[in-house]
Amino acid sequence: MSAVVSAPERASVRRPRLRAVLLFSSLAILLVAGVIASAGIGQLTVSVTEVIGALLRGIGIDTSWAPASDVTYEALWQIRFPRVAMSLLVGAALAVAGAVMQAIFGNPLAEPGVVGVSSGAALGAALGIVSGGVLAGVLGTASMAFIGGVGATLLVYFMARAGGRTEVVTLLLTGIAVNAFAGAGLALVIFVGDSAAREQIVFWQLGSLNGSRWMEVAVVAAFTAVACVVAFSYARRYDLLALGERTAGHLGLRVERLRVVSIILVAVLTGAAVAFAGIISFVGLVVPHAIRMVLGPAHRLLLTGSLLGGATLLVWADLFARTVVTGAELPIGLLTSLIGGPFFFYLLRRARSRQGGWA
């Protein structure tokens, strides 16, 4: 005898799917609009048709929309398009890293900086800047930032590990200690550096996508693509982990292995993002939290929404940072903090009013 599904039950099943379709469609439209607007708006204004024509010409399709001026075409492909691509990649990487962090910590308030990756990257970049020589170049500073971020994260994990496993609370407290140590090391490096190095360190910490190049975009894209593929393949396991460590273990999930791989993913995603862009706050915290409030805790949808949401947020934030002040560029990390802080407070108040408090 087949079960009869009532109309209200069918509606309750369709409602989350409808929300997901509407959200992903909206984010995709905003993302495309942001890419075109960011490529066209600036000191050199380029029309929408010229932006599209330049894109098509770059992939081998000549149209009448292509810019008539070689200067405009080269400006788009050598300056604007790499910067737009970098903003998409950095936003997506930080948001996915935040979603993974919240999954393994079982807390919607977790973010990549908890495990020391941001402070470690800042210390590594500062050492690269102050040391001079080969490490003083952009690629050298970025490499030092990546090594510092990944190294700090691995240090947190191995220091928190005891008896073959790690506790979430121990990871959190160890992360706080390593963040404090890295902060002290950064202050020492700034103290011993000269005035030019200090200014460069401070500017790097504020975050900027200025000067992005295709080689740098390719490096970030490679790390981000591999890490995101692995994160998406673990979506089902994150759903099981949400049931609790003991329950997930009884269902066959190797919790400790999942945790160590996830921490490495967070380190790679965040390290690759901040290596060339500097410290960009709140993307990994606000975006997954907002997506979860709309779509719920299922991690396949949550990771997809975070990837699209992070890319969309940062491409528009970068456009705003470039254009809000005439003749100057607002550091994008400063901008995301100014916007993300009040917005996250709003999300917390909204969630608290709905749930009647935090468990």
Side-chain angles (χ1 to χ4, degrees), residues 17-42 46-56 58-59 65 76-77 79-100 207-210 212 214 216-218 220-225 227-229 231-232 235 269-270 272-273 276-277 280 282-295 299-324 332-333 335-336 339-340 343 347:
R17 296 177 183 174
L18 179 61
R19 281 201 301 266
V21 170
L22 290 175
L23 177 64
F24 292 161
S25 300
S26 301
L27 288 175
I29 292 171
L30 285 172
L31 183 60
V32 173
V35 167
I36 295 174
S38 186
I41 297 175
V46 183
S47 67
V48 174
T49 55
E50 286 182 316
V51 170
I52 298 174
L55 278 171
L56 293 175
I59 60 175
W65 286 2
L76 286 172
W77 271 100
I79 299 175
R80 294 277 177 85
F81 289 161
R83 180 165 183 159
V84 171
M86 184 67 83
S87 67
L88 298 178
L89 290 169
V90 169
L94 291 175
V96 172
V100 172
S208 176
L209 297 172
N210 188 28
S212 298
W214 284 118
E216 300 166 359
V217 170
V220 178
F223 282 109
T224 301
C228 283
V229 168
F232 275 86
L269 285 167
T270 309
F276 294 104
I280 300 178
F282 276 100
V283 176
L285 180 62
V286 172
V287 173
H289 190 78
I291 297 297
R292 182 182 287 102
M293 293 179 68
V294 177
L295 299 181
H299 283 87
R300 190 176 298 276
L301 292 177
L302 178 60
L303 290 169
T304 304
S306 297
L307 188 149
L308 286 173
T312 303
L313 172 63
L314 213 62
V315 73
W316 281 103
D318 183 52
L319 173 61
F320 190 73
R322 288 194 292 110
T323 57
V324 66
I332 192 170
L335 179 63
T336 56
I339 297 174
F343 180 68
L347 291 178

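In what follows, residues are counted from 1 in the order of the sequence shown.
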Main-chain N/O of Ser38 paired with Arg83 side-chain donor or acceptor, under 3.5 Å: no
Least distance between heavy atoms, Met86 atom then Leu209 atom: CG-CD2, 3.7 Å
Applying side-chain contact (heavy atoms from CB on, under 4.5 Å) to Leu302 and His299, what does each step give before you reach the verdict? CA-CA 5 Å; Leu302 178 60; His299 283 87; 3.8 Å; yes
With Ala221, which residues qualify under side-chain contact (heavy atoms from CB on, under 4.5 Å), at least two apart? Leu89
Between Phe24 and Leu295, is any pair of side-chain heavy atoms under 4.5 Å apart? yes
Identify the heavy atoms of Ala272 and Phe223 that sit nearest to each other, and give their distance. CB-CB, 3.8 Å
Any Phe81 side-chain heavy atom under 4.5 Å of Val217 side chain: no
Please identify each residue that fulfils ring-ring contact (aromatic ring centres under 6.0 Å, His included) with Trp65, with sequence neighbours left out. none
When rounded to the nearest 0.5 angstrom, what is the spacing between CZ in Arg17 and CG in Leu301? 10.5 Å
For Ala99 and Pro288, work out which heavy atoms get closest and say how close. N-CG, 3.5 Å
State, with a plain yes or no, whether a side-chain heavy atom of Val90 is found less than 4.5 Å away from one of Val283. no
In Å and rounded to the nearest 0.5 Å, what is the CG to OG1 distance from Leu314 to Thr336? 7.5 Å
Give, for atom CD1 of Ile41 and atom CG of Leu319, the distance between the pair rounded to the nearest 0.5 Å. 5.0 Å
So for atom CZ, which belongs to Phe232, do other residues, nucleotides or ligands contribute more than 12 heavy atoms lying within a distance under 6.0 Å? yes
When every non-hydrogen atom of Leu27 is compared with those of Gly309, the smallest separation belongs to CD1-N, 3.9 Å
Which distance, rounded to the nearest 0.5 Å, do you find between the CG of Leu76 and the CD of Glu50? 8.0 Å
Give, for atom CG of Leu94 and atom CG of Leu269, the distance between the pair rounded to the nearest 0.5 Å. 8.5 Å
With rounding to the nearest 0.5 angstrom, report the OG1 to CG distance, Thr224 to Leu88. 11.0 Å
Minimal non-hydrogen separation, Trp316 against Ala37, with atom names: CH2-CB, 4.3 Å
On a heavy-atom basis, which atom in Ala235 and which in Leu303 lie closest, and how many Å separate them? CB-CD1, 4.2 Å
Counting C-beta onward and ignoring hydrogens, is there a side-chain heavy-atom pair between Val84 and Asp318 closer than 4.5 Å? no
